[in-house]
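Worksheet: one structure, shown below.
Computed from a prediction, not measured in an experiment: that's the story for all the values here. Residue numbers begin at 1 in each chain, while the letters A, B, ... track the order of the sequences.
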Amino acid sequence: MSVFDELRGQDAVAAQLRRAAAGEGMTHAWLFTGPPGSGRSNAAKAFAAALNCEQPDPALRGCGECHACRTIVGETHPDVQHVRTDKVTIAIDEARELVATAGNHPSSGRWRIIIVEDADRMAERTTNVLLKAIEEPTARTVWMLCAPSPADVLVTIRSRCRSVALRLPSAEDVAELLVRRDGVEPALAASAARLAQSHVGIARRLARDAGARERRLETVRFPLGLKGITSAVLMAERLMSIAGDEADSSNTERDAAERQALLSSLGLEDGAPIPPALRGQLKRLEEDQKRRAKRSITDSLDRTLTDLISFYRDVLLLQVGTGESLVNEELRSELEGFAAAGTPETTLARIDAINLTRRRLVTSNVAPLLALEGMAAGLV
Amino acid sequence: MAKAASSTALSWRDVTPAPIVLLSGPEEYFAQRARDLLRKQLRAAHPDLEVTSFDAGEYAPGSLALASSPSLFGEYKLLEVSRLEAMNDAFLTDALALAGSGAEDTVILLRHAGGTRGKKLLDTVKAAWPVVDCQPLKKDTDKNAFVSAEFRAGGRRIEGPAVLALVQAVGSQTAELAAACQQLMEDTSGAVTAETVEQYYGGRVEASAFKVADKALDGDAAGALATLRHALATGADPVPLVAALAAKLRTLARVAGSRGSAAQLARDLGMQPWLVEQAQRDIRRWTPERLRICIRAVAEADAQVKGLSRDPVYAVERIVHLVATSVSAR
């Protein structure tokens, strides 16, 4: 049992991190890059555990059994700080606090470690705050940044970090992980891994939640029913409500629980009037929740559009006849009919239209429904 | 704050001195008029009137009692307190002490622009003293009534069409509308006619985003572009302009492929029946392909006005022109 066991199909990376943990090729800043679902944050976590592991023999570090390993994997170790955001960006004040923390000596372990899981979700101004701290940290501090690709991080940050590039695991690796870790039935695990295109988190959700599988199937079947502008507008509306449902299902409960927790920590009974002096705190929580809701709608729209792209990807593969395996194997006969009716050029143009919309939804504040309508009109 | 307007709520025109008067509501212009009127009445009755102003947000404890206590020379006093919506606790305490009885030889004028801050004080005041309701004018009929009342108060006559023209030209801001009435009364003599209004305010039209969209979907390219310019010149933003166009086209697209009666469709699509009927009339002047192109272009324009293009106004102009020219002639 080792903390690196979780890194399926990333043997090269695991070897590099093991060596560094043993003292060979260690440095103060690391940048973990890889496509969504490749396990960037897990790799960083495993590395952090190996660095602070209590095993005396450097070759055995990252045992996964000692107190340090278990608390780091459970994210409760005092010297390892995880920075992630469920809002659109990491705020500049949070970054300033990090810089202050980074100056502290580790309290129990060998290293103070700061893992920034959403390093791509920082405005340039915010990143600049970290610049000096990452360039010359105190002797016992290690920074670990995670981002989808090196290009998502400011070049001045990138040049100060050692790069760790993870690759997308194969569908078999992901399926095996689902079976081993989550006890999913092998056949279901294989199909979930294939449908999620090897994204571990999404594969797990698809395997566990029948509703998610249904929503996905509805999404990928949309192009089949796309005839004329009316169906395009209705499709946009439906995609929007699918994304909204998905975001709601994860947010509503959490919002209520957070409110409850805040009220009880302020010493207020349920339903008691809130004194004016405390209203500000409640308001801040509501604003945070609103920001998070916006982010989660954008996220689920992004996932929905990724699913939609997989349909056109399969169509393109059939049209050019590469013989690669299809993502949506269940729809093979429909896909073949659709492929025969069009040309690879139009399919590519459609994939571009979806990608353009995805990018705009994430990077600018276009009206989501209108953007989807424009996209659907481009797919007709 | 419609709920707060109790049965004692007055129009600002009818305000008369009372130990405490509350000016409640968001429209600052009416509050100002009521304040001026009250001052004028008090000055006429008490030439030695002493006016003191407070900001309830930066109130120092005791000031109210200090300013309202009887003075050696027995002047009559007017205390004007502004920003009750941001009042501090010291003010609340002092004002509550005074709210029941008022003070001798003193008028306290309270200005609260809305919100629930100081609710206890407001309720106490509302129960005992006159409240002036300062609601903004929202509907055109309210604005017309306001113009007519202004002219009546000035002892002048204005013709019906002139009222409509005036409201259309400068109706979006109450203060501006009132100033226009004032100007017309001072600069002209005799009854004010539509021609007079045209002479003073001609060529100026306050257009809303939806007016621009309506013109564009009417196929009137020149008219739509002119209205767009009016809208931009009178303060409309490109973003809602694009949103208005998008909403119209969305309705068209939803109705386009569906058969059935307007009432049935309205139920199916969850829309107002008259909207569906209008869309069904409009859709005859569209081809599916043109509608498709326009919807794509509107989505593109939305991205452009939100930062993709360096010139958002040009982006709106282009999309308005494209939509207007895509409609077939009647």
When rounded to the nearest 0.5 angstrom, what is the spacing between CZ in B/Arg250 and CD in A/Glu237? 8.0 Å
If we ignore hydrogens and angles and just use 3.5 Å, is the side chain of A/Thr230 paired with the main-chain N or O of B/Ala253 as donor and acceptor? yes
Is it the case that atom CZ in B/Arg310 sees more than 12 heavy atoms from other parts of the structure closer than 6.0 Å? no
Nearest non-hydrogen partners of A/Ala371 and B/Ala299, listed with the distance: CA-CB, 4.4 Å
Quick one: CD on B/Glu300 to CG on A/Leu370, what's the gap to the nearest 0.5 Å? 10.5 Å
Distance col, row A/Ile229:CD1 vs B/Arg296:CZ, nearest 0.5 angstrom, shows 10.0 Å
Among A/Thr357, A/Asn365, A/Leu372, A/Leu234, which residue forms the greatest number of heavy-atom pairs with chain B at distances under 4.5 Å? A/Asn365
Heavy-atom contact with chain A under 4.5 Å, split by part of B/Leu308: side chain
NE2/B/His230: more than 12 non-hydrogen atoms of other groups inside 6.0 Å: yes
Please classify the contact of A/Val380 with chain B as side chain, backbone, both or neither, using a heavy-atom distance under 4.5 Å. both
For B/Lys248, I'd like to know if atom NZ has over 12 heavy atoms of other residues, nucleotides or ligands within 6.0 Å. yes
Does a sphere of radius 6.0 Å around CZ in B/Arg318 hold more than 12 heavy atoms from other residues, nucleotides or ligands, not counting ones at 6.0 Å or beyond? no
Specify the closest pair of heavy atoms between A/Ala377 and B/Ile295, including all atoms of both residues, with the distance to one decimal. CB-CG2, 4.2 Å
